[in-house]
Amino acid sequence: TFTTATSIAPINVSTGFNASGQRITTNNTADANWSVYPLASEPSESTFAPPATGTPQALLTVGPGDAGWYSGWTANGPNSDWVNINPNSTTGNTYGLYYTTFNISGPSVPTNLCLVGSMGIDDNGLLAINGTAIMGNLNLYGGGGYYGGYQSLYPLNIPVTSYLVTGANTLALGWGSTDNSDEAFRLQAVIETCGASFTGGLSLT
């Protein structure tokens, strides 16, 4: 006999997926879930809410062969891609609020939920849910704060239940300092019951 905890189906918040839920394999392709509000300059690291005016646009996948791709980044796939505003430019890719939305159904938010997976960002920044930071600033690529060199994504396992509400929720990226050269963001993560792995499942042998 065995017992499982109350759970929800994992909510995929990774970058680089199309509307059918398949990972995008072509550069310069619109991400169906992650959008950006373009801004005139780099937003504050504490800017997590979409502006009152402006029109969001889809973030685009960036990969080898694009002018905005840096060869030191870990390769795209198999579970996420790098995205930015303009894969064919090395400037201005931090000039906007990157965000995605997702829904929590039910009369209340399930207990014991975590953001599980990994992320990469060049140069640095942090994640927020519904306007509240859920982590500190991470300098993952550039500026000397590398995590395992350029070839690794930073592991995430963050309790998030207290930041969530029933209905629509917003997960946003707050940019830190940047040199506006080869800038991109990558998230490979799901929201699910804490203790579960990003790619795992329950098996009984």
Side-chain angles (χ1 to χ4, degrees), residues 8 10-19 24 30-62 68 79-87 92-105 109 113-142 145 147 153-178 180 183-192 198:
I8 65 168
I11 300 171
N12 189 357
V13 291
S14 300
T15 54
F17 281 78
N18 62 26
I24 298 166
D31 187 306
N33 304 297
W34 278 86
S35 302
V36 57
Y37 269 93
L39 301 171
S41 61
E42 181 185 331
S44 165
E45 188 178 7
S46 60
T47 300
F48 304 127
T53 61
T55 302
Q57 64 189 44
L59 284 162
L60 304 176
T61 55
V62 55
N79 298 307
S80 64
D81 295 330
W82 291 91
V83 294
N84 64 22
I85 296 174
N86 187 351
N93 280 314
T94 61
Y95 283 15
L97 174 69
Y98 289 22
Y99 74 98
T100 188
T101 59
F102 59 92
N103 286 307
I104 298 290
S105 60
V109 176
L113 295 182
C114 284
L115 177 69
V116 181
S118 55
M119 70 176 281
I121 182 172
D122 191 348
D123 287 331
N124 60 73
L126 55 84
L127 295 174
I129 291 180
N130 296 327
T132 301
I134 63 173
M135 63 195 303
N137 180 64
L138 292 178
N139 188 339
L140 301 180
Y141 294 86
Y147 178 80
L153 296 177
Y154 184 84
L156 300 174
N157 195 338
I158 306 172
V160 295
T161 296
S162 61
Y163 305 103
L164 299 171
V165 298
T166 55
N169 291 265
T170 300
L171 174 65
L173 172 68
W175 285 99
S177 61
T178 174
N180 289 314
E183 308 294 348
F185 168 65
R186 180 175 176 179
L187 183 64
Q188 181 171 293
V190 295
I191 294 175
E192 63 183 357
F198 176 70

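None of these values were measured; they are calculated from a predicted model.
- In terms of heavy atoms, L97 sits closest to A172 at CD1-CB, 4.1 Å.
- Looking at every heavy atom in both residues, P43 comes nearest to T47 through CB-CB, 4.0 Å.
- Rounding to the nearest 0.5 Å gives a distance of 9.5 Å between CD of E45 and CG of L173.
- With rounding to the nearest 0.5 Å, the separation of CG in L59 from OG in S35 is 6.5 Å.
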Discussion item. Checking E183 against N84 for the side-chain contact (heavy atoms from CB on, under 4.5 Å) test, could you report, in this order, the C-alpha distance in whole Å, the side-chain angles of both residues, the deciding distance, and whether it holds?
Written reply: CA-CA 7 Å; E183 308 294 348; N84 64 22; 5.9 Å; no
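- Atom CD of Q188 is separated from atom CH2 of W82 by 10.5 Å, given to the nearest 0.5 angstrom.
- Taking the side chain as every heavy atom from C-beta outward, N33 and V13 never approach each other to under 4.5 Å.
- Residues meeting the ring pair (Phe, Tyr, Trp, His ring centres under 6.0 Å) test with Y99, sequence neighbours left out: Y37.
- Applying the side-chain hydrogen bond (donor to acceptor under 3.5 Å, both in side chains) test to residues at least two apart or on different chains, the pairs with a partner in residues 164-174 are N130-N169.
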Worksheet item: Run the side-chain contact (heavy atoms from CB on, under 4.5 Å) check on L156 and M135 step by step: do they pass?
Response: CA-CA 10 Å; L156 300 174; M135 63 195 303; 3.8 Å; yes
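- Put simply, the side chain of D122 never gets that close to the backbone of A184: no donor and acceptor are under 3.5 Å apart.
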Item to complete: Assess whether side-chain contact (heavy atoms from CB on, under 4.5 Å) is satisfied between L127 and L115, documenting all intermediate values.
Response: CA-CA 10 Å; L127 295 174; L115 177 69; 3.9 Å; yes
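- Between G176 and N137, the shortest heavy-atom contact is CA-OD1, 4.2 Å.
- Across all non-hydrogen atoms, the minimal contact from N18 to I24 is N-CG1, 3.8 Å.
- Scanning all heavy atoms of the two residues, the minimum distance from T15 to R186 falls at OG1-CA, 3.6 Å.
- Here the straight-line distance linking atom OH of Y95 with atom CG of N86 works out to 13.5 Å at 0.5 Å rounding.
- Using modelled atom types, one side-chain atom of N12 and one backbone atom of S14 make a donor-acceptor pair closer than 3.5 Å.
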Worksheet item: Yes or no on side-chain contact (heavy atoms from CB on, under 4.5 Å) for F102 and L164, after CA distance, side-chain angles and deciding distance?
Response: CA-CA 10 Å; F102 59 92; L164 299 171; 3.7 Å; yes
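- Within the structure, ring pair (Phe, Tyr, Trp, His ring centres under 6.0 Å) contacts touching residues 156-175 (residues at least two apart or in different chains) are Y98-W175.
- Between atom CD1 of residue I134 and atom CG of residue L171 there is a gap of 6.0 Å, rounded to the nearest 0.5 Å.
- The shortest heavy-atom contact between W34 and L187 is CZ2-CD2, 3.8 Å.
- Using a 4.5 Å cut-off on side-chain heavy atoms (C-beta onward), I104 and I11 make contact.
- The backbone N or O of L138 sits nowhere less than 3.5 Å from a side-chain atom of N124 that would complete a donor-acceptor pair.
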